[in-house]
Number of protein chains: 2
Amino acid sequence: MKTENAMAATASLRALEPVQGPAIPLGNAARKNIAKVPTKCSSCNLRELCLPCGLTGLDMDRVEELIYTRKRMERGENLYRAGDTFNSLYAVRSGFFKTVQTLEDGRDQVTGFHMAGEIMGMDGIGPEEHGNSAVALEDSEVCVIPYSRLESLGRDMHLLHRQFHKVMSREIVQEQSVMLLLGTMRAEERLAAFLLNLSQRFTARGYSASEFNLRMTREEIGSYLGLKLETVSRAFSKFQEDGVISVHQKHICILDVGGLKRCMTRKGN
Amino acid sequence: MKTENAMAATASLRALEPVQGPAIPLGNAARKNIAKVPTKCSSCNLRELCLPCGLTGLDMDRVEELIYTRKRMERGENLYRAGDTFNSLYAVRSGFFKTVQTLEDGRDQVTGFHMAGEIMGMDGIGPEEHGNSAVALEDSEVCVIPYSRLESLGRDMHLLHRQFHKVMSREIVQEQSVMLLLGTMRAEERLAAFLLNLSQRFTARGYSASEFNLRMTREEIGSYLGLKLETVSRAFSKFQEDGVISVHQKHICILDVGGLKRCMTRKGN
DNA sequence: CGGGGATTTGACACATATCAAGAGCGGTGG
DNA sequence: CCACCGCTCTTGATATGTGTCAAATCCCCG
């Protein structure tokens, strides 16, 4: 089983390299932005994770019509910003994103981290403008899904509509579980839950469940978990002392999954 | 402008009495549960708030096919429970609900309060079972929307589908704002934000923005806001001392909206 | 009128924030 | 290649907000 470890060696390698084929030199401003789609949904190895999941034969062929542009993003670039008018959803094809929401008084919070196969931008459908900003945490690529096209294609592909509803519903469920985390868990419990969630998502993508590189800073983790970066750092150190994980900068090994799961549960209960 | 105050006098009166027509004696176990629909969407005074919002003429007529049962609920009854298989969405027709999510170790949290015109149960679409439980906080009534029917009706009523997407999207946005609240706000800020949110939703339903009765206990408010009930109580007292609201048990008057809004913002910033 | 739950308030404990200093690491330029 | 700079991270000391525990009051309901 391939570990994220291996690819951490060369920072220029893409997080989801197998999706990419041979590494493509990036940072080439000339042809970076919009590009014709070289890969179809039906041959994309994220299809079982992404929007087309569950579609078969004919439907899978037709779903290609959904995506006619991809977009390269450099680390730090904004995919969209709060207030931008809503036009499209975005599927992460490679790389890693965060979404950030800002309060009137300037306080902000990371509301999510998004990896390959996940859909971003659904917050914009209702208000017709985005309520948060999406930022690439590493060089990334997204498939652009024009919402109007999703609507019209869904008209005769009922499964696509149904699939889309499931994706939105799962987003609701995911957010509810973050609310639960923020409302009821203590610092170490939050971090344990966060690491287990990441681990499980990496597993679903064929990466090691126990070894991976964080794409975000302690501050971003803290923002997402409603903690200060110092508290996140202390919790990492505590887990390491207890021997449930090992931490070297952004590189994490989960040494004792059971132990980490126990960290997620209230002590003395 | 009618205030909620008036109807608070008689506890047996329904929260959204005008929706109900003349008060109907409840607690009649014999004919309580399922009932034929006596009122159509097109003549329901919640139509501008509820799922059919934005539909016109013909579409509005056809949308009646969506709902063929309503359900009466007594205070304390469960509309659905976590783990129930998902079949339907529910639109609150009258009354008031909370949704509660539970962690494996028994800790739980109120993830939402739901009033007339709001849709519950969308968390169940993806997993095909409900992830939380919905409980009536007072005698209530819901319209049952079978999901399969919503899907099939949406096939030739594109606006219905689009409207449904908006409703789901708004749920996502709403939850993100709760995440922001839980992650970044302090106790008094949370309570102020909560009261202003309630006020605004009552306003949208034609009730007083400044005077209303809470349907939930301090403990339920605390659970929703990630606080203990004592903290909620102290924050209420503080607001009252400061003269921004007056509190008598569950009865709330907002005396100074601007002041309350300032309470929502970080002090000395 | 009595009883039980909800609410308020106080005293104190504790988890996390805040402030501060220093170490580690990566990138850049000489 | 090395030195430097800036950013991230770690760790300690202390402050503070909220939780916890406890007691008294209020209020609804039978």
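In what follows, chains are A, B, ... by sequence order, proteins preceding strands, each numbered from 1. Please read these numbers as outputs of a predicted model, since none were measured by experiment.
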Under a 4.0 Å heavy-atom criterion, the protein footprint on nucleotides 3-13 of chain C, written with B, S and -, is ---SSBBBB--
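Between the CG atom of A:Leu227 and the C1' atom of D:dG17 there is a distance of 15 Å, given to the nearest Å. A:His248 places its NE2 atom 15 Å from the C1' atom of C:dA23, with the value rounded to the nearest Å. For the pair B:Arg186 CZ and D:dT16 P, the interatomic distance rounds to 11 Å; values are reported in whole Å. Put simply, NZ on A:Lys228 is 16 Å from P on C:dA20, counting in whole angstrom units. Straight-line distance from the CE atom of A:Met185 to the P atom of C:dT16: 13 Å, rounded to whole Å. Atom NZ of A:Lys238 is separated from atom C1' of D:dG12 by 17 Å (rounded to the nearest Å). If you measure from atom CG of A:Leu191 to atom P of C:dA15, you get 17 Å, rounded to the nearest angstrom. If you measure from atom NE2 of A:His251 to atom P of D:dC9, you get 15 Å, rounded to the nearest angstrom.
Aromatic pair A:Tyr224/A:Phe113: centroids less than 6.0 angstrom apart.
The structure places CD of B:Gln174 at 13.5 Å from CG of A:Asp123, a figure rounded to the nearest 0.5 Å.
Ring orientation note: the planes of A:His130 and A:Tyr80 are close to parallel, at an angle under 30° on the 30°/60° scale.
Counting any heavy atom pair closer than 4.0 Å across all strands shown, B:Gly226 reaches sugar-phosphate atoms only and no base atom.
Put simply, the side chain of B:Asn78 never gets that close to the backbone of B:Arg81: no donor and acceptor are under 3.5 Å apart.
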Requested in this report: Start with the C-alpha gap between B:His114 and B:Ile119, add the side-chain angles, then the distance that decides, and say whether side chain to side chain contact (heavy atoms under 4.5 Å, CB included) holds.
Outcome: CA-CA 8 Å; B:His114 308 276; B:Ile119 309 291; over 6 Å; no
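Residue pairs meeting the salt bridge (Lys or Arg N to Asp or Glu O under 4.0 Å) criterion with at least one member in residues 224-236 of chain B, sequence neighbours excluded, do not occur.
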